[in-house]
Engineer: 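Mind looking over this structure? Questions follow.
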Protein chains: 2
Amino acid sequence: MLLYEMQSLMTKEKIINIISDNYSKLTVECQKELSNVSKILMLKKGETLVKEGQHSDKIYFIIKGCARAFYLKDGKDISDWFAFEMEFISSIISFFLDIPSPHFIELLEDSMLLELSKKDVESLADKYHDFERLSKTIVTKTMLQQQERISSMQFHSAEEKYENILSIRTNITQRVPLTHIASYIGITLETLSRIRSRKKRI
Amino acid sequence: MLLYEMQSLMTKEKIINIISDNYSKLTVECQKELSNVSKILMLKKGETLVKEGQHSDKIYFIIKGCARAFYLKDGKDISDWFAFEMEFISSIISFFLDIPSPHFIELLEDSMLLELSKKDVESLADKYHDFERLSKTIVTKTMLQQQERISSMQFHSAEEKYENILSIRTNITQRVPLTHIASYIGITLETLSRIRSRKKRI
DNA sequence: TTTTTTGATTGACCTTTGTAAAAAAAGATG
DNA sequence: CATCTTTTTTTACAAAGGTCAATCAAAAAA
């Protein structure tokens, strides 16, 4: 299905209903208010959601497509997070600490997103207990993903780290360039390439 | 002050009030109920809160002392988390996913703790919006600490990782053996020892 | 205090991974 | 289709950090 065809099928109401079902249930009233304050974005591959240095007070839910958070270390592009359909992404440092973003966020595919501002997240969380719970659920899931990632980084070889990400994100190599995968797991593209050719041979 | 002297000074009510002030405000009613379901523990250095393989459905707040979460990889002891005064610790994998704990948790000093069970956390969070918010705050802080840790692990030398933990936990070397610090930052004790002797010389 | 245990340091050696540069392959664009 | 750009692979070489073993130091236990 083409992205522009989805817009009519995927109404904001439906999307919010999916979030409610998959993360934490929201009352109809809360869903309505969430629908009023959120915004659908249709963006092309390569477009940027956040630039380094910006105060980014937005969080994005990915309806279709995928996005990548990355930063520059000594001029080198290092990937810090990938998000696919049904996942959230934001510049967490900027969003939660209200400081300029160290990250860029860009789209790796043509994408459809739901955008929410921190101000609205906060007022919804104040007003609705169930939205507070939803926020907690999202943060908890993120925390558990990070936990998994940390333990995969501790005392694991480049090959083990690559195997690990493949097991979690089965088809990531089809959607994300190897350079980004390499920096995400903390190895160079060259090392990743050697691992892959070693595996092919066997 | 000796640990046994603290018990009379630090009533559960006072401790819960401190949590409320430092994490997220709780109503008096909620504080009372929290006080009813939580329990103070006085434990000696070396004692174990959680063993690998156990279902651990408890979370601990450290009033005095410090604790360490670690796991065994190929028989080797690898530290995964430290918690000091005013911080929470639990076997997060077991607590949030209801599966057997991959971690041990042990005390690095004689300690005073507040213990809370998941069942009680959940019912408090259901009943009180402000307790739900407190939970979110604790999880969010943990997530941000993990974020910091991940970026310190990505493409940083052993020395940079050591400097980084020293800047975050200024006096950690006074309270935690170097072996544990080394495995926490993902290097061997020998490498850490070399870094330290290099720094001493200069 | 002496002994035992645990934690930290040092040295020799070796493996893994990074660096730099070039070539090849795959994708995008006119 | 042909060209240009980006991504990936390959090679040679260097450096960082791991492993193993011996020694030293400090803290607990007897």
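Bear in mind the structure is a predicted one, so any value in this text is a computation, not a measurement. Convention: sequence-line order gives letters A, B, ...; per-chain numbering from 1. Below, each value reflects all heavy atoms present in this structure, side chains not excepted, and no hydrogens, waters or symmetry copies.
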Engineer: Can you tell which of dG18(D), dT19(C), dA21(D) lies closest to the side chain of E190(B)?
Structural biologist: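 The listed nucleotide nearest to E190(B)'s side chain is dA21(D).
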Engineer: dG17(D), dT9(C), dT19(D): which one has an atom nearest the side-chain heavy atoms of R194(B)?
Structural biologist: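 The answer is dT19(D), which lies nearest to the side chain.
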Engineer: Think S197(A) has a side-chain N or O under 4.0 angstrom from the OP1 or OP2 of dT10(D)?
Structural biologist: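 Yes, such a contact exists.
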Engineer: Could R133(B) and Y128(B) be counted as a cation-pi pair, given that NZ or CZ must be under 6.0 Å from the ring centre and within 45° of the axis?
Structural biologist: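 Not satisfied by the 6.0 Å and 45° rule.
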Engineer: Rounded to whole angstroms, how far apart are CZ on R175(A) and C1' on dG27(C)?
Structural biologist: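 It works out to 18 Å between those atoms.
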Engineer: Counting only side-chain heavy atoms from C-beta out, which of dG7(C), dT10(C), dT7(D) sits nearest to P177(B)?
Structural biologist: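 Nearest to the side chain of P177(B) among the choices is dG7(C).
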Engineer: Are any of K45(B)'s side-chain N or O atoms less than 4.0 Å away from OP1 or OP2 of dA28(D)?
Structural biologist: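 For dA28(D), OP1/OP2 do have a side-chain N/O of K45(B) under 4.0 Å.
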Engineer: NA contact type, L189(B), heavy-atom cut-off 4.0 Å: base, sugar-phosphate, or nothing?
Structural biologist: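 Base, at least one base atom sits under 4.0 Å.
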Engineer: Counting the atoms with a prime plus P, OP1 and OP2 as sugar-phosphate, which does G46(B) contact under 4.0 Å by heavy atoms, base, sugar-phosphate, or nothing?
Structural biologist: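 It contacts nothing in the nucleic acid.
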Engineer: Tell me if a side-chain donor or acceptor on S94(B) pairs with a main-chain N or O of H55(B) at a distance below 3.5 Å.
Structural biologist: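 Not a single qualifying donor-acceptor pair exists.
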Engineer: How do I187(A) and V176(B) order along DNA chain C: which one's closest nucleotide is nearer the 5' end?
Structural biologist: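 Its nucleotide being nearer the 5' end, the pick is V176(B).
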Engineer: With a 4.0 Å limit, can you tell me whether R196(B) has a side-chain N or O closer than that to the phosphate oxygens OP1/OP2 of dA8(C)?
Structural biologist: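 Checking dA8(C) against R196(B), no side-chain N or O comes under 4.0 Å of OP1 or OP2.
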Engineer: Are OP1 or OP2 of dT17(C) and a side-chain N or O of T188(A) less than 4.0 angstrom apart?
Structural biologist: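 Checking T188(A) against dT17(C): no side-chain N or O falls below 4.0 Å of OP1 or OP2.
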Engineer: OP1 or OP2 of dT7(D) sitting under 4.0 Å from any side-chain N/O of T179(A)?
Structural biologist: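 So the side-chain polar atoms of T179(A) never come under 4.0 Å of the phosphate oxygens OP1 or OP2 of dT7(D).
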Engineer: Between dA12(C), dT9(D), dT9(C), which nucleotide has the shortest distance from any of its atoms to the side chain of S193(B)?
Structural biologist: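 For the S193(B) side chain, the nearest candidate turns out to be dT9(C).
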Engineer: Using atom CD of Q174(B) as one end and atom C1' of dA8(C) as the other, report the distance to the nearest whole Å.
Structural biologist: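 Value for this atom pair: 16 Å.
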Engineer: So, Q31(B) and E13(B): side-chain donor and acceptor under 3.5 Å apart, yes or no?
Structural biologist: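 Per modelled atom types, Q31(B) and E13(B) side chains form no pair under 3.5 Å.
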Engineer: Phosphate oxygens OP1/OP2 of dT19(D): is one of them under 4.0 Å from a side-chain N or O of K76(B)?
Structural biologist: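 For K76(B), the contact criterion (side-chain N or O under 4.0 Å from OP1 or OP2 of dT19(D)) is met.
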Engineer: I'd like to know whether R68(A) forms a side chain to side chain contact (heavy atoms under 4.5 Å, CB included) with F70(A), so could you lay out the CA-CA distance, the side-chain angles of the two residues, the decisive distance to 0.1 Å, and finally the verdict.
Structural biologist: CA-CA 6 Å; R68(A) 171 178 85 105; F70(A) 67 101; 3.4 Å; yes
Engineer: Measure from CG on D110(B) to P on dA28(D) and round the result to the nearest Å.
Structural biologist: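 In whole Å, dA28(D) P and D110(B) CG are 11 Å from each other.
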Engineer: Apply side chain to side chain contact (heavy atoms under 4.5 Å, CB included) to residues K64(B) and S111(B) and explain how you reach the verdict.
Structural biologist: CA-CA 5 Å; K64(B) 180 85 192 90; S111(B) 301; over 6 Å; no
